[in-house]
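Any value given below was found using the heavy atoms of this structure, including those in side chains, with hydrogens, waters and symmetry copies removed.
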Amino acid sequence: MAKIKIDERVLEDYQKTATQWEKTLLDLPLRAAMDVLKYMYGLTGIRGKKMFGEVSADSQLAPFHKTRKQDADVNIKYREIETFLGNVIESFSPVDYAFLAMGYDDPIIGEKIKNASTTALVLFYLAKARGQHIAQAVWTGKRNAEGTTTEDLCDGLLTIVEKEITAGAISVEEKNLIKLTDTFTYDNACDLIKHEVVFKLNQFLRRENNFMFCAPDLVDMYNESYQATHTGLNYNTAYNQPYVEGSANRLTLVGLPELEGQKRLVISQKENLLWATDNKSDQSSVDIMRDGHYDLSFATNMFLGTQFRTIDPRRLCIVELAGE
């Protein structure tokens, strides 16, 4: 029979478990968010601010002239990624999990779960549950130092887009913004994306292997309209089309539940979408403490931040939906 009261032995067991599995407990929220983070480029060891320089130059050969001389034309633009320290402290009662069948087939925790104690499994599942909120925050988070949720921890990519549009750095004039005038439907999605998005992208962007991040319902609309409008083509053999037509197999639709209801789509490459943390830091840690007679508290600290490496139209395009 599991003890209801938290004695020193139970407390010590959980504390030793947290120390033994600290790296796993810190990584689990990120691993649980990998259905989104896998489309981005992860940076570790980032505490606070880090600058990324984008170098561009214009240099030309010309017909030989022995007195030829000109100044080098080299420009460096900097973008800054900042990780913010966040924490969570949750109280839980070990007795609630005493007879819970955890199972040994968790795809996030993996093989390590087979050698873990029951106390470790409890902590694993609590840590893993944070991943869904991280996946949401890297897209729609808005930094609020007084906030109480993961979305308050840092600005997500769509929030950064909003700020860059307000500043004029992302715009139709800068050629990294497309504003649609027609609404997507199950009839027109395929042709609308092809003619009004793909064909209007910067030509250097079109030759990159890009993702187009959107809500899942747009992927459904695209597949439905593709099937309806390409019935006579011999390559229309599958319902789920991996690439957008007209993109030379270089643009993949990625439907993310985290983008449901959003007014903008993002077209870019994995290497251009950054998320950062500092799980190796002495400030990233886990801890277990007594919380009254029946409960323990599970505390975790970690850093999180996002940024675009560049917003150059050759690497990024934002698509604003009609009516927004």
Side-chain angles (χ1 to χ4, degrees), residues 1-37 44 83-138 140-141 144-154 156 257-258 275 277-305:
M1 177 68 180
K3 290 190 176 183
I4 296 178
K5 182 178 178 181
I6 304 299
D7 60 18
E8 290 303 316
R9 184 190 62 79
V10 174
L11 174 60
E12 183 178 347
D13 185 23
Y14 271 92
Q15 289 175 331
K16 286 182 177 179
T17 299
T19 299
Q20 177 185 355
W21 296 96
E22 182 175 61
K23 184 178 184 302
T24 299
L25 292 169
L26 287 171
D27 287 344
L28 267 178
L30 298 173
R31 287 160 59 184
M34 277 299 161
D35 54 340
V36 170
L37 298 183
T44 59
T83 62
F84 296 90
L85 179 61
N87 75 319
V88 56
I89 303 175
E90 293 178 314
S91 294
F92 69 99
S93 179
V95 72
D96 292 340
Y97 302 91
F99 305 106
L100 182 64
M102 292 291 187
Y104 291 91
D105 58 352
D106 190 281
I108 302 300
I109 300 172
E111 288 296 311
K112 288 184 178 181
I113 196 174
K114 295 181 179 179
N115 301 317
S117 64
T118 301
T119 55
L121 295 178
V122 173
L123 300 182
F124 286 168
Y125 276 79
L126 288 173
K128 187 181 71 170
R130 299 162 188 164
Q132 178 182 349
H133 302 290
I134 291 175
Q136 187 69 57
V138 297
T140 60
N144 175 11
E146 303 303 319
T148 58
T149 70
T150 307
E151 285 193 80
D152 296 315
L153 183 54
C154 65
E258 291 77 11
W275 65 268
T277 188
D278 187 21
N279 275 6
K280 304 297 188 294
S281 167
D282 55 2
Q283 291 191 43
S284 295
S285 61
V286 298
D287 189 25
I288 300 291
M289 296 182 65
R290 182 191 297 277
D291 187 16
H293 293 286
Y294 308 111
D295 297 330
L296 297 175
S297 67
F298 177 24
T300 301
N301 302 332
M302 69 171 292
F303 290 84
L304 186 66

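- Among all heavy-atom pairs drawn from R290 and L296, the shortest one is CA-CD2, 4.0 Å.
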**Request:** Could you give me the CA-CA distance, side-chain angles and deciding distance for F124 and L25, then say whether side-chain contact (heavy atoms from CB on, under 4.5 Å) is met?
**Result:** CA-CA 6 Å; F124 286 168; L25 292 169; 3.6 Å; yes

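- Nearest approach of G305 to C154, heavy atoms of both residues: CA-SG, 4.0 Å.
- In terms of modelled atom types and a separation under 3.5 Å, the side chain of S93 and the main chain of Y294 share a donor-acceptor contact.
- Taking every heavy atom of both residues into account, K128 and A32 meet most closely at O-CB, 3.4 Å.
- The CE atom of M289 lies 8.5 Å from the CD atom of Q15; values are rounded to the nearest 0.5 Å.
- Shown here for A299 and I89, the closest heavy-atom pair between the two residues is CB-CG1, 3.9 Å.
- S91 and D291 share a donor-acceptor pair across their side chains, judged by distance under 3.5 Å alone.
- Proximity of a side-chain donor or acceptor of E90 to a complementary backbone N or O of F298 within less than 3.5 Å is not detected.
- Going from atom CE of M302 over to atom OG1 of T83 covers 9.5 Å, rounded to the nearest 0.5 Å.
- Remark: D13 CG to E8 CD distance equals 12.5 Å, nearest 0.5 Å.
- The aromatic ring centres of Y125 and F92 sit 6.0 Å or more apart.
- Residues E151 and T140 have side chains that bring a donor and an acceptor to within less than 3.5 angstrom of each other.
- Interatomic distance, CZ of R9 versus OH of Y14, reported as 10.5 Å (0.5 Å rounding).
- The shortest side-chain heavy-atom distance between L123 and I288 falls under the 4.5 Å cut-off.
- Between H133 atom NE2 and L304 atom CG the span is 13.5 Å, to the nearest 0.5 Å.
- Counted within 6.0 Å of CD on E22, heavy atoms from surrounding residues, nucleotides or ligands total more than 12; the atom is thus considered enclosed.
- Nearest heavy atom pair, residue A135 against residue V36, reads CB-CG2, 3.7 Å.
- One N or O on the side chain of T277 and one on the backbone of F303 form a donor-acceptor pair closer than 3.5 Å.
- The heavy-atom pair separating I134 from L30 by the smallest distance is CD1-CD2, 4.3 Å.
- Between the OG1 atom of T44 and the CG atom of D278 there is a distance of 8.0 Å, given to the nearest 0.5 Å.
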